K.L.:
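My questions all concern the structure below.
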Amino acid sequence: MINPLEKIQKAFRHYRAIKSMPMRLEFVVTDYCNLNCRGCTHYSPLAAKEFAPLEELEQSMKRLAGICGDKVKKVYLIGGETLLYPRLTEAMEALRKHFGTQRLFIFTNGIALPKMSDEFYATAKRLGFIMAVTRYPIKFDYDKVIADVRARGIEVEVYGDRSMTDSFFRFALDPKGKQNGLISHFKCFNRGCMSIVGDRLYPCSISACVGHLNKACGTAFKHLDGDYLHIPSITSYSQIQRLRDRPVPFCRYCIYPVDEVRYGPSKRLKEEWVEE
């Protein structure tokens, strides 16, 4: 049995860990995906085949690079499935242009890696991109594909080994918004995934991408003042830190603790994401 003092000390250590987290930025190039995962936090099974305009992406890259400077050490291109982005090598060039010294990553489930062009791999090697591969419990030889990519002189990090079918979670939302936002933020699994969609910066992918859920399932999860930052209006790095480190109004929708679930295909039903 944990005594009250131990609980307070544990909570304080957790709070300090939140505050000391390295900042990272995730530029969402598409939420469209070649997998169909139940309960996806980007709502990819519900997303249309749409892609971020490259010019808009680069504007946000330039602005955030100027504000963050060397305070950000890691920057990501992310999906959906990032490798499906039709102007991916151009986006890679743009990201390296503006984030010249940071470690740059491409998030991927890996499935499309064997089909990528020599130009893609040459660009990734020249610009120092790292493949951040998440393993899924599917019939796919991850070991071989990762070895092949490394043989090309490109670094690979297994970002998440989710190859066990029961290694997934359901991040349910409360449509009435009656959750304690402070607790939801404190326990958040997605904290620190600073998601850039268009000209907006969100503190997590669930908030950033919930529009797919609203459009497909008729839900009405709303953003209020403080849920995101309008990137052209950001003037200081401290604004970004506050967005990450403090609860936002959207936290009132997030239910904790989360449910452990088995991996499976999405049926594109509202119940996968919404607790009625």
Side-chain angles (χ1 to χ4, degrees), residues 22-38 40-42 44-45 47 49-52 54 57-58 61 65 72-165 167-168 190 192-196 205 209 263-266:
M23 182 69 71
R24 78 184 204 195
L25 301 176
E26 299 183 354
F27 289 88
V28 180
V29 298
T30 183
D31 287 316
Y32 183 68
C33 192
N34 51 8
L35 282 179
N36 178 44
C37 304
R38 180 171 56 203
C40 172
T41 56
H42 277 251
S44 291
K49 192 175 182 179
E50 298 173 342
F51 305 98
L54 180 63
L57 265 177
E58 185 163 10
M61 291 173 183
V72 171
K73 305 300 182 185
K74 296 182 179 181
V75 187
Y76 298 76
L77 296 177
I78 191 171
E81 175 44 51
T82 317
L83 299 183
L84 300 180
Y85 187 60
R87 302 182 71 178
L88 182 55
T89 56
E90 294 173 88
M92 293 162 67
E93 295 277 7
L95 194 63
R96 178 53 79 194
K97 174 183 175 182
H98 297 293
F99 291 91
T101 61
Q102 285 79 3
R103 299 187 77 205
L104 303 185
F105 296 78
I106 291 176
F107 261 115
T108 177
N109 58 37
I111 295 174
L113 283 172
K115 303 175 184 177
M116 299 304 288
S117 68
D118 289 340
E119 179 192 8
F120 165 77
Y121 283 113
T123 302
K125 183 177 180 179
R126 174 170 54 85
L127 299 179
F129 269 81
I130 301 161
M131 298 299 125
V133 177
T134 301
R135 302 171 71 119
Y136 287 83
I138 57 176
K139 293 182 178 179
F140 183 74
D141 193 342
Y142 276 104
D143 292 335
K144 180 181 185 304
V145 170
I146 290 172
D148 289 346
V149 174
R150 286 174 173 158
R152 291 176 176 265
I154 297 166
E155 187 176 348
V156 179
E157 289 188 5
V158 177
Y159 178 78
D161 189 351
R162 307 174 77 178
S163 56
M164 301 296 291
T165 59
S167 61
F168 289 79
N190 297 294
C193 300
M194 305 298 289
S195 300
I196 296 98
S205 62
C209 304
Y263 179 79
S266 172

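Since the structure is predicted, the reported quantities are computational estimates derived from the model, not experimental observations.
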K.L.:
Counting distance only, does the side-chain N/O of Y142 pair as donor-acceptor with the main-chain N or O of N109 below 3.5 Å?
P.N.:
yes

K.L.:
Sort out for me which residue in L104, T108, L57, V29 forms a side-chain contact (heavy atoms from CB on, under 4.5 Å) with L77.
P.N.:
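With L77 as partner, side-chain contact (heavy atoms from CB on, under 4.5 Å) holds for just one option, V29.
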
K.L.:
How close do G79 and D31 get, counting heavy atoms only, and between which atoms?
P.N.:
C-OD1, 4.3 Å

K.L.:
If you take all heavy atoms of C193 and R24, which pair is closest and at what distance?
P.N.:
SG-NH2, 3.5 Å

K.L.:
Can T89 and S117 be said to form a side chain to side chain contact (heavy atoms under 4.5 Å, CB included), step by step?
P.N.:
CA-CA 10 Å; T89 56; S117 68; 5.6 Å; no

K.L.:
Output, in order, the C-alpha distance, side-chain angles, deciding distance and verdict of side chain to side chain contact (heavy atoms under 4.5 Å, CB included) for R135 and D143.
P.N.:
CA-CA 10 Å; R135 302 171 71 119; D143 292 335; 3.1 Å; yes

K.L.:
Taking all atoms of both residues into account, what is the closest heavy-atom pair of A52 and Y85, and its distance?
P.N.:
O-OH, 2.6 Å

K.L.:
Salt-bridged, E93 to R126, with N to O below 4.0 Å?
P.N.:
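Result for this pair is yes, salt bridge flagged.
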
K.L.:
Are the charged groups of K125 and D118 less than 4.0 angstrom apart, N to O?
P.N.:
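No, no charged N to carboxylate O under 4.0 Å.
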
K.L.:
Begin from the C-alpha positions of M61 and I196 and carry the test side chain to side chain contact (heavy atoms under 4.5 Å, CB included) through to its verdict.
P.N.:
CA-CA 9 Å; M61 291 173 183; I196 296 98; over 6 Å; no

K.L.:
Write out all pairs satisfying salt bridge (charged side-chain N to carboxylate O under 4.0 Å, His left out) with one or both partners inside residues 104-116, taking only residues at least two apart or from two chains.
P.N.:
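Of all non-adjacent pairs touching residues 104-116, none passes salt bridge (charged side-chain N to carboxylate O under 4.0 Å, His left out).
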
K.L.:
Got a second to check how far T30's OG1 is from Y32's OH, nearest 0.5 Å?
P.N.:
8.5 Å

K.L.:
Between N36 and P265, is there a donor-acceptor pair closer than 3.5 Å when you use the side chain of the first and the backbone of the second?
P.N.:
no

K.L.:
Should C209 and T41 count as side-chain neighbours, where that means a heavy-atom distance under 4.5 Å?
P.N.:
no

K.L.:
Keeping the roles fixed (side chain from R96, backbone from Q102), state whether a donor-acceptor pair exists under 3.5 Å.
P.N.:
yes

K.L.:
To the nearest 0.5 Å, how far apart are OG1 in T123 and CE in M116?
P.N.:
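It comes to 9.5 Å.
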
K.L.:
Name the atoms and distances for all side-chain donor-acceptor pairs under 3.5 Å in residues 151-158, with sequence neighbours left out.
P.N.:
{"residue": "E155", "atom": "OE2", "partner": "R103", "partner atom": "NH2", "Å": "3.0"}
{"residue": "E157", "atom": "OE2", "partner": "R103", "partner atom": "NH1", "Å": "3.4"}
{"residue": "E157", "atom": "OE2", "partner": "R103", "partner atom": "NH2", "Å": "3.1"}

K.L.:
Return the CD1 to CD distance between I78 and E26, rounded to the nearest 0.5 Å.
P.N.:
4.0 Å

K.L.:
Do you know the tightest heavy-atom contact between A124 and M131?
P.N.:
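Scanning both residues, the minimum pair turns out to be CB-CE, 4.0 Å.
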
K.L.:
Heavy atoms, side chains only, cut-off 4.5 Å: are C37 and S44 in contact?
P.N.:
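No. Closest side-chain heavy atoms not under 4.5 Å.
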
K.L.:
How far apart are the closest heavy atoms of L84 and F51, and which atoms are they?
P.N.:
O-CE2, 3.5 Å

K.L.:
Check for a donor-acceptor pair, side chain of Y136 on one end and backbone N or O of G110 on the other, with a separation under 3.5 Å.
P.N.:
no

K.L.:
Tell me, which pairs form a ring-ring contact (aromatic ring centres under 6.0 Å, His included) where one or both residues lie in residues 87-120, sequence neighbours left out?
P.N.:
Y76-F105, Y76-F107, F107-Y159

K.L.:
How long is the span from the CG atom in D148 to the NZ atom in K144, to the nearest 0.5 Å?
P.N.:
4.0 Å

K.L.:
Mind checking the CZ-CG spacing from R87 to L54? Nearest 0.5 Å is all I need.
P.N.:
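So the CZ of R87 and the CG of L54 are separated by 4.5 Å.
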
K.L.:
Using the side-chain contact (heavy atoms from CB on, under 4.5 Å) rule, pick out the option among L35, V133, L83 that qualifies with I111.
P.N.:
L35

